[in-house]
Each structure stands twice: as structure tokens, then as C-alpha cells.
Amino acid sequence: MSVRERLEIIRQQVSEACKKANRNPDDIKLIAVTKYVSNATAKEAIDAGIVHIGENRDDGLQKKWEELQHEQCTWHFIGTLQSRKVKHVVNIVDYIHSLDRISLAKEIEKRAERKIRCFVQVNASGEQSKHGLAPDQVISFIKELEQFTKIEVVGLMTMAPYTDDEQILRKTFQTVRALQHDVQALGLPHAPCAELSMGMSNDFQIAIEEGATFIRIGTALVGKEF
Ligand SMILES: *Cc1c(COP(=O)(O)O)cnc(C)c1O
């Protein structure tokens, strides 16, 4: 199946989930995660109408960006970000989805040439293997980010456990959405927190039903070449 055909299917699924949740499909931004595919396949996605591109490693991002920077794309860094890699990433992306510690915020502040939109990553399921802040750390962390002039907290990001158990998935997404409401209630100018980055190939419909505004889809959209 071509990327274009897969995109058509995903749009259909997005639309179904929106219908269920009484939401407008225009409010869901689809990030094509291109980490497992070539530049050529990423270009195929762009030609099919994708405008958001996501990569989870600095070298992968640079490789895509070098060739595709002239396309009309918005670039997302979605993976764990080591502080020493910030300088390779921060001035070519529009969004960073994995802000989870003050040392990283400091490095972003130091290296960024303009304001950068960041998601604070939340480990809502408590899995050891997952990065991100525990839910009860999120509010104080976001308050602390006020000192950084280059960081705008546009939302919260999470990765759900890899499971088909709908209850677990829903609970994870609901935890993050409730936190988003708590952050919004603070009315912090540096943290409007209007977005939720959640939902991947196997769980994006549930994520949409639970409030996602950015979904990050790799395999189901562009496939897996390596
Ligand atoms: C790889 C990745 C995705 C996409 O995963 P798929 O299951 O292939 O859709 C989404 N978010 C993050 C943070 C990733 O690393």
C-alpha cells in the first residue's frame, strides 16, 4: 500500500474517533514519524499532504532535514534528548516533545536562537522504561520553567504502555489530560498548555477520544524500512 493510501485510511480513522468524541478533525495534527524510513519515503508522505514531520534521534533528524528543509514542513523532535545533542536539534525544529528536566531546559535556553515550543513529557503509566516526569512532579516543574525565556510550554506529551488493553490506554491519556487542565488553571503566560501530544500507530484513536491534539504516527503511515 502506498503512503497516500495509508494516509487516507488514517484520516478515516481520525474522523471516526472525532465523531465518537464530538470533536472537529481539523483540531488533530498528524505528525508523520519518519524514523524508520528513508528520505524518499518521508518525501512521499509530504507529497501526499503531510506537513508535520517527527524524528526521535538527532542524527536521523539532521539527515531528513538536510534534504527536506525546503519543503513546507513543521519539524518535531519527539525522542529522548540528551543535553549534549541539543545544539544539533534546537534550531532546526519547531517543537520539542520531550522536555523532562531542568538541565535540558537550561541547555535549550543557552542554544536556542528563538523561542521554542516544548511539550513536557509525562510518564503517566509509571513504567520504569519510560522517560518523563511523574504526574505529581509536573506542576512544580512547569512553574520552574518560567525563568527560561526561550521555552514556551505548549502542552503535555505522553507515551502509553504498549498494550491492547483499552482501559489502561484510556486511563493513561486521562491522567495527562487532567494534568493539562491543572496547568491551564494556573494561567501561566509561559505555559498555555493548550496541546496534548499523545497517540501512536496502535492507540491514536483512543488518544483522540481522550483529547489528543497532536498524534505521532510512524509504522501505520509510512511503514518500517529499517
Ligand atoms: C517511534 C515513535 C512514535 C511512532 O511509533 P509508531 O508505533 O511506529 O507509530 C511516536 N512517538 C514516539 C516518541 C516515538 O519514538
Side-chain angles (χ1 to χ4, degrees), residues 1-3 5-14 17 28-39 41-42 44-46 48 50-65 73-82 85-86 88-89 93-101 104 117-133 154-166 168-169 172-173 175-176 195-226:
M1 219 188 293
S2 69
V3 173
E5 287 165 323
R6 292 202 200 103
L7 179 58
E8 193 48 49
I9 293 168
I10 288 168
R11 286 208 171 121
Q12 199 60 46
Q13 292 168 325
V14 167
I28 316 295
K29 275 85 68 186
L30 169 56
I31 301 171
V33 177
T34 53
K35 65 188 182 195
Y36 299 130
V37 299
S38 65
N39 288 2
T41 303
E44 210 182 316
I46 294 166
I50 285 294
V51 292
H52 294 278
I53 299 284
E55 281 281 332
N56 72 332
R57 292 175 52 105
D58 68 303
D59 48 355
L61 170 74
Q62 282 176 298
K63 220 171 135 213
K64 295 286 185 318
W65 188 81
C73 284
T74 300
W75 294 84
H76 298 258
F77 191 84
I78 62 171
T80 304
L81 185 52
Q82 293 171 276
K85 300 288 178 66
V86 166
H88 304 307
V89 165
V93 297
D94 301 286
Y95 291 86
I96 291 173
H97 289 243
S98 48
L99 180 54
D100 64 354
R101 57 194 193 278
L104 179 57
R117 297 170 182 152
C118 294
F119 288 86
V120 168
Q121 185 169 352
V122 185
N123 180 356
S125 59
E127 286 172 288
Q128 288 286 337
S129 61
K130 289 246 176 356
H131 289 262
L133 291 152
V154 294
L156 303 179
M157 178 276 212
T158 202
M159 290 175 80
Y162 190 75
T163 173
D164 290 332
D165 187 329
E166 202 177 304
I168 292 175
L169 295 171
T172 304
F173 297 139
T175 299
V176 179
E195 312 289 350
L196 287 174
S197 168
M198 51 193 207
M200 307 177 22
S201 289
N202 67 315
D203 59 15
F204 70 90
Q205 285 184 291
I206 293 170
I208 289 169
E209 287 176 44
E210 301 300 343
T213 61
F214 281 90
I215 54 176
R216 312 176 308 265
I217 304 190
T219 325
L221 175 60
V222 289
K224 198 166 182 170
E225 296 163 359
F226 45 77

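We're numbering straight along the sequence, starting at 1. Read the numbers this way: they start at 1 and go in the same order the structure lists the ligands and their atoms. Just so it is clear, the model here is predicted, and its values are computed rather than measured.
A salt bridge (charged side-chain N to carboxylate O under 4.0 Å, His left out) check over residues 203-218, counting only residues at least two apart or in different chains, returns the pairs K20-E209, R170-E209, R170-E210.
Under the side-chain hydrogen bond (donor to acceptor under 3.5 Å, both in side chains) criterion, K130 pairs with E127, sequence neighbours left out. Scanning for side-chain hydrogen bond (donor to acceptor under 3.5 Å, both in side chains) contacts around R57 gives D59, with sequence neighbours left out.
A heavy-atom cutoff of 4.0 Å around ligand 1 is satisfied by the protein residues V33, K35, N56, I78, M157, M159, M200, S201, R216, I217, G218, T219.
Nearest heavy-atom pair across K35 and F226 is O-CE1, 3.5 Å.
Here R117 does not pair with E195 in a salt bridge; the nearest charged N to carboxylate O distance is not below 4.0 Å.
Judged by distance alone, the side chains of T172 and T175 never bring a donor and an acceptor atom under 3.5 Å apart.
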